[in-house]
Amino acid sequence: MSDTAKKDSLKQPSLNFIEEIIEEDLRNNKNEGRVHTRFPPEPNGYLHIGHAKSICFNFGLAKKYSGKCNLRFDDTNPITESVEYVDSIKEDTRWLGYDWEEREFYASDYFETLFDYAVNLIKKGKAYVCDMSTEEIAATRGTPTRPGKESPWRNRPLEESLELFYQMRDGKYPNGAKVLRAKIDMASPNMHMRDPVMYRIIHAPHHRTQNKWCIYPTYDWAHGQSDYIEGITHSVCTLEFEVHRPLYDWFLDALEIKKNRPRQIEFARLNLTYTVMSKRKLLELVENKTVNSWDDPRMPTISGLRRRGYTPESIRVFSEKVGVAKRENIIDVALLEHCCRQHLNKIASRVMAVINPVKLIIDNYPDNKTEELTGRINPEDPDTLMRKIPFTKTLFIEREDFMEDPPKKFFRLAPGKEVRLKYAYIIKCESVVKDPETGEITEIHCTYDAESRSGQDISKKKVKGTIHWVSYEHAVKIEARLYDRLLKTENPDVAEEGKDFKSNLNPGSLKIVEAYGEPSIRNFKKGSKVQFERNGYYTVDPDSTEKHIIFNRTVTLRDSWAKVLKNIGKKG
RNA sequence: UGUCCGAUGGUGUAACGGCAGCACUGCAGAUUUUGGUUCUGUAAGUCCAGGUUCGAAUCCUGGUCGGACAACCA
């Protein structure tokens, strides 16, 4: 072995910066060597591919370091949250392949404890009830460059704050009348340290605690303490919470938490080209009916990707490949598609389907003959069985596979040229029939070479091209939903003055067409992964029925011919 | 004009003071009964200016550029 090869084989896979922190903690036996993470979604929307990265990372860290990962719903704002979202989050997390075992938690589980902690802080003079309105608080907070003004209630006797706080809980005040605030520093250069709100009054039923509470903790107050209660060691979140970290730590200090103290670590969220990722924007697309639902296959939601035909494996591999760091990033959606194709190539059953059909007649083939040909269900997996494909005189082929006046490198069918019909014979184009009105080709007439049958070819012919086909009389009509990217620009948030991402919507993001498949196309169940040969990967939509078969296009096959055409176009 | 964070090919991500590597994308070729897959090759990078050092992507100083922060959202 050469020196460099030796070095390479000894080299450890490199760690991301969070794994480095964890390994350092492990070396120092921090938290008795425990690693415990959590995935903390707010149940106010559906999970998207960005959440998937966080799920894979948090559960992945726990697995890698023999620890645990909790699922915790950050349900501190009853107005926007609902069980519908809780259920979808659980379904999606499970589908991605992660198991939180019995550790399904809710911040609302800790409302009582959090209340006691707050009482503790009031007694220590570290929190106070403030009677100012939302507007007054905003007006006195200052700006990032100017300090705020202290609340007139800031130094009220702590007995009074305590009394008021209990009354808030008892429902004596309307929404917005009072809040509990941490007493920190109104002049702090960090806005989050300017006496942040810990509790606000919201008279609204909560999806779990119903009407038990009318005061609700804010994120900053609830999150770190929930982490502590659950024994979380490494509380991983996204970069926008970086400025919250001093507050996270301040609360732990104020509560004098020293042992099993959680640590917040921030990493950069996932961004994807041609994609919007914020829950607000995705909700907007659902509500204004740009898409049909949260699980519309054009959505970057987990449920959308699932319906589109993505596999959990491919999403996990993708999450691994994008890496974890602190710098803002925008990942090329081509990487996601690559991960998807890579997995689907291995597992998808092959089938021939014609999306844009034109009739092809083999003039020298017997009129009433049907041959039963065979094709492997998946050539990538020799363990798969063969499928039967009927062959007859009249077929459908793809309109794009024929050109009357082809460019030099066109390997498909053209007048006087030969191609192979996949799994069948070599044919030669003899003539075409056109619609006298429109000039559109209605029939392509060919002759076949009976000696060229697949598997028993004694014709000695070599052809460059192979095309797919279906027997006209055996063709199974299906609906193909051809999905393309929802947004037409790489960074859809960049829009013209006065416009937003919606001006970058791709009007062609969904085309629904009638297509024709070989008979075996009937065999697939909802969610099955299929490759339409030479075309793309598809999956059976949940709305598909035996009478009305619906296939969603997950992603096309790579198409180097399209690139050639594009380059020809460029050259003029 | 504030505080915090960041900056390595087109896009991501490694290198932990010692040969800038990997992946995606692009390009070229080989193989191929999927113009797919696979394989091979190739192009392309350390924000700038100083300093420390035998040696700097890495450490220090100053700048530039980008991001986050002024909800009783999370």
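Predicted, not measured: the structure shown is a model, and the values here were computed from it.
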Review point. Any ion pair linking A:E328 and A:R269 (charged N to carboxylate O, less than 4.0 Å)?
Key: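 No, no charged N to carboxylate O under 4.0 Å.
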
Review point. Using 4.0 Å as the upper bound for N to carboxylate O, is an ion pair formed by A:E337 and A:R485?
Key: yes

With a 4.0 Å cut-off on heavy atoms, is [X] in touch with a base, just the backbone sugar-phosphate, or nothing at all?
| X | result |
| --- | --- |
| A:F410 | base |
| A:Y423 | base |
| A:G148 | nothing |
| A:V564 | nothing |
| A:R350 | base |

Revision key, fill the gap. Of the listed B:rG35, B:rU11, B:rC27, the closest approach to the A:I330 side chain comes from B:rU11

Point to revise | Under 3.5 Å donor-acceptor pair, A:Q531 side-chain atoms to B:rU34 base atoms | key: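 Yes, a donor-acceptor pair under 3.5 Å.
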
Between the protein and nucleotides 44-46 of chain B, which nitrogen or oxygen pairs come in under 3.5 angstrom?
none

Practice item. Please tell me which of A:R245 and A:I331 maps to the more 5' nucleotide of RNA chain B, matching each residue to the nucleotide holding its nearest heavy atom. Key: A:R245

Exercise for review: Let me know the distance between CG of A:N378 and C1' of B:rG36, rounded to the nearest Å.
Suggested key: 12 Å

Review point. Which letter, B, S or -, goes with each nucleotide of nucleotides 65-74 of chain B from 5' to 3', with contact meaning a protein heavy atom under 4.0 Å?
Key: --SSSB-BSB

Check your understanding: Is A:R558 near enough to B:rU37 that one of its side-chain N or O atoms lies under 4.0 angstrom from OP1 or OP2?
Key -> yes

